[in-house]
Trainee: 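Encoded as structure tokens, here's the structure I'll be asking about.
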Amino acid sequence: LTPQVVGSYMAGIYAYNAVQCPMEAIHGKQSSIHNLIAGGSLGYIGIRAGRLGVPFVDPYAFLRFGLSPAAVGAAVYGGMGFLLATLGGKRI
């Protein structure tokens with residue numbers, strides 16, 4: 001675990017909250033949808049930039065089905081944000 005890795009994790013958490021918190025302030029309520037949008041958009045950007053990988057998906061699925069790694073990554077990271085927010089008690 002290097003300082004660069006720790007810094008990347010900290011920057012990722014900060015960016016996630018920096019995207020999600022203004023949505024809650026604008027709408028005046030907490031929602032799992034905000035977490036889905038924040039996770040999905042940051043997942044898409046991270047995969048397009050080559051900083052993140054796509055978890056839980058077989059790499060050959062992209063070739064087999066012609067899927068875009070960035071689009072699948074957005075769905076996976078957005079789904080993870082949505083699931084964790086919902087399990088944490090946020091409403092849809």
Trainee: Got a sec, which pairs hit ring-ring contact (aromatic ring centres under 6.0 Å, His included) with one end in residues 63-92, sequence neighbours left out?
Mentor: none

Trainee: Are Val76 and Ile37 linked, directly or through intermediate hydrophobic residues, by side-chain heavy-atom contacts shorter than 4.5 Å (ILVMFWY only)?
Mentor: no

Trainee: If hydrophobic clusters are built from ILVMFWY residues whose side chains come within less than 4.5 Å, do Val54 and Ile45 share one?
Mentor: no

Trainee: Who pairs with Ser32 by side chain to side chain donor-acceptor pair (under 3.5 Å), at least two apart in sequence or on another chain?
Mentor: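 Per chain and number, Ser32 pairs via side chain to side chain donor-acceptor pair (under 3.5 Å) with Thr86.
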
Trainee: Using the test side-chain contact (heavy atoms from CB on, under 4.5 Å), find all partners of Ala74 that sit at least two apart in sequence or belong to another chain.
Mentor: Tyr44

Trainee: Quick one, Lys29 and Met23 - any side-chain contact, counting heavy atoms below 4.5 Å?
Mentor: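 A side-chain contact is absent here, since even the closest heavy-atom pair is not under 4.5 Å.
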
Trainee: Around atom CD1 of Ile92, are there more than 12 heavy atoms from other residues, nucleotides or ligands closer than 6.0 Å?
Mentor: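 Count not over threshold, so no.
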
Trainee: Please list all pairs passing the side chain to side chain donor-acceptor pair (under 3.5 Å) test where one or both residues lie in residues 45-55, with sequence neighbours left out.
Mentor: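 Sorted pair list: Ser8-Arg51.
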
Trainee: Check whether Val72 and Tyr60 end up in the same hydrophobic cluster, where Ile, Leu, Val, Met, Phe, Trp and Tyr are linked by side-chain heavy atoms less than 4.5 Å apart.
Mentor: no

Trainee: List for me each residue that meets side-chain contact (heavy atoms from CB on, under 4.5 Å) alongside Arg91, sequence neighbours excluded, and say none if there are none.
Mentor: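 Result, side-chain contact (heavy atoms from CB on, under 4.5 Å) vs Arg91: none returned.
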
Trainee: What's the separation between atom NZ in Lys90 and atom CD1 in Ile33, rounded to the nearest 0.5 Å?
Mentor: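 It comes to 11.0 Å.
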
Trainee: Minimum heavy-atom separation for Glu24 to Ser31, with atom names?
Mentor: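 That would be OE2-N, 4.3 Å.
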
Trainee: Which heavy atom in Ala61 sits nearest to a heavy atom in Val57, and how many Å separate them?
Mentor: CB-CG1, 4.3 Å

Trainee: Using the rule that two of Ile, Leu, Val, Met, Phe, Trp, Tyr join whenever any of their side-chain heavy atoms come within less than 4.5 Å, decide whether Val19 and Leu52 are in one cluster.
Mentor: no

Trainee: Please collect all ring-ring contact (aromatic ring centres under 6.0 Å, His included) contacts where either partner lies in residues 7-43, sequence neighbours excluded, each pair once.
Mentor: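 Sorted pair list: His27-His34.
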
Trainee: Between Leu42 and Ile13, is there a shared hydrophobic cluster once you connect ILVMFWY residues whose side-chain heavy atoms come closer than 4.5 Å?
Mentor: no

Trainee: Is the closest side-chain heavy-atom distance between Leu84 and Asn35 below 4.5 Å?
Mentor: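 No; the side chains remain at least 4.5 Å from each other.
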
